[in-house]
Amino acid sequence: MPDVGARGMNHTYRLGGLAVASDIDLSAWIPREVSTDSTADVVFRRGNVPPQLQAPDHVAPVFQTRGRSHCLLALPGTGRILIENGNSVTLEPESDCGTGLSAAGALFTGPVQGVLWHQRGLLPLRASSIVVDGRALVLAGPSAMGKSTLAAMFAVKGHAVLADDICVLRASDAGEISVQPGNPRLRLWHDALERLGLSADGASRIRSDREVFLVDLGQDAVHESRKPAAVILLTHRGSGALTTERLRGQLAVGALDYVVQARRAARALGCGSHIFAALTRLAAAVPVWLLTMTDDPACLGEAVAAVRSVLEV
Amino acid sequence: MPAENGLQSTDALPAIGDATMISRSSSVLTAEVDGEIVMMSIEQGRYFGLDDIGSDIWKRIEQPCSFASLIDRLAADYDADRATIAADVHALLGRMAAQDVVKLA
């Protein structure tokens, strides 16, 4: 592992095959690495972050980029985060109060990680993944679509969780797509826990202002990447019946693009060609389904049956 | 000849005559998925899809060619009159040019 300045870091973690060293306790978000040494693939630290990048190529309301190597996120309520070279994250919280760091920790699973993975040439999707018959079933969708809850429905039946919230795909030079192991802890709202008959006791609360908990459902951890079996894109409408629709061609690729984590920043970083190549390979390799959920409490059970059904097609 | 997804119609089609040279834009990425040509404009980050006929036209302009030459080759292979083919292809190429998928010169 390259030494990217991990000396003096108090915490080490493993995330998707990467060793992460941090001077911020991220153990609520990422499983702690048992062994420690002085090197790491990614270092996460507190420090001074300039309000602007020097000579940026791209300036958007919440991010700036320079080349592929530098991305500055300016997030109201959290602070500024500089992500460099796919191996360094520097956070300057908006304030020293707990909320800033708490929010930053949560962000490490979202946009920050997304940019990191793009800089490293991988493809992060807003998705959870579980193992079905040895392959990765990818459950993708925007926030609050029920990805983690649906993954939990499978997990309580004994399926291992490969990743939650962010699912990282690697496209090899030979064109093969694999799903990398990520954070197996599921982010579940309190009502989802109740629906699943699970207790919030002992679960880490992600943020003090939200009823979202990180839950480890106790299956054996998956350390190896898996070939994808299918992608289920979750969407929602208030009423009506649950539906499934197979997406093909441009519709499949365009829908997958919508769930690429940090996609605007990634395009600004010059990753557009890479994203296109990975998404078209994915859509060519596995079926892509659109699963439309409803507010009906029975919908989750129907969704599990629907997913099992499409896997058998 | 409905030949594309995502290529919106435009009121102001560029002028295309028999001698107009048609070529693929260098700013578009393509891949085949489910038998369909999927394209993305690098500049705009937008996705387009071509159906069987659109994909056939895309393959036929791998080497730049004139509009007349393209229509002649399509008329030889499709069971439709030349004027109908020319009108449909003219409209499709106009939309593709408006999205910077093809170049007209």
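Below, chains carry the letters A, B, ... as their sequence lines are ordered, and counting in each starts from 1. Values below: every heavy atom of this structure, side chains too, minus hydrogens, waters and symmetry copies.
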So, A/Ser178 and A/Glu176: side-chain donor and acceptor under 3.5 Å apart, yes or no? no
Measuring heavy-atom distances to chain A, does B/Thr30 have an atom under 4.5 Å in its side chain, in its backbone, in both, or in neither? backbone
Between the side chains of A/Asp57 and A/Thr65, is a donor N or O closer than 3.5 angstrom to an acceptor N or O? no
Given heavy-atom pairs under 4.5 angstrom as the criterion, report whether the side chain, backbone, both or neither of A/Arg248 touches chain B. both
Heavy-atom neighbours of B/Asp81 CG exceed 12 at 6.0 Å: yes
With respect to chain A, which residue among B/Ile42, B/Ile37, B/Val38 yields the maximal number of heavy-atom pairs within a distance under 4.5 Å? B/Val38
Side chain, backbone, both or neither: which part of A/Leu279 has an atom under 4.5 Å from a heavy atom of chain B? side chain
Are A/Cys71 and A/Gln64 close enough that some pair of their side-chain heavy atoms sits under 4.5 Å apart? no
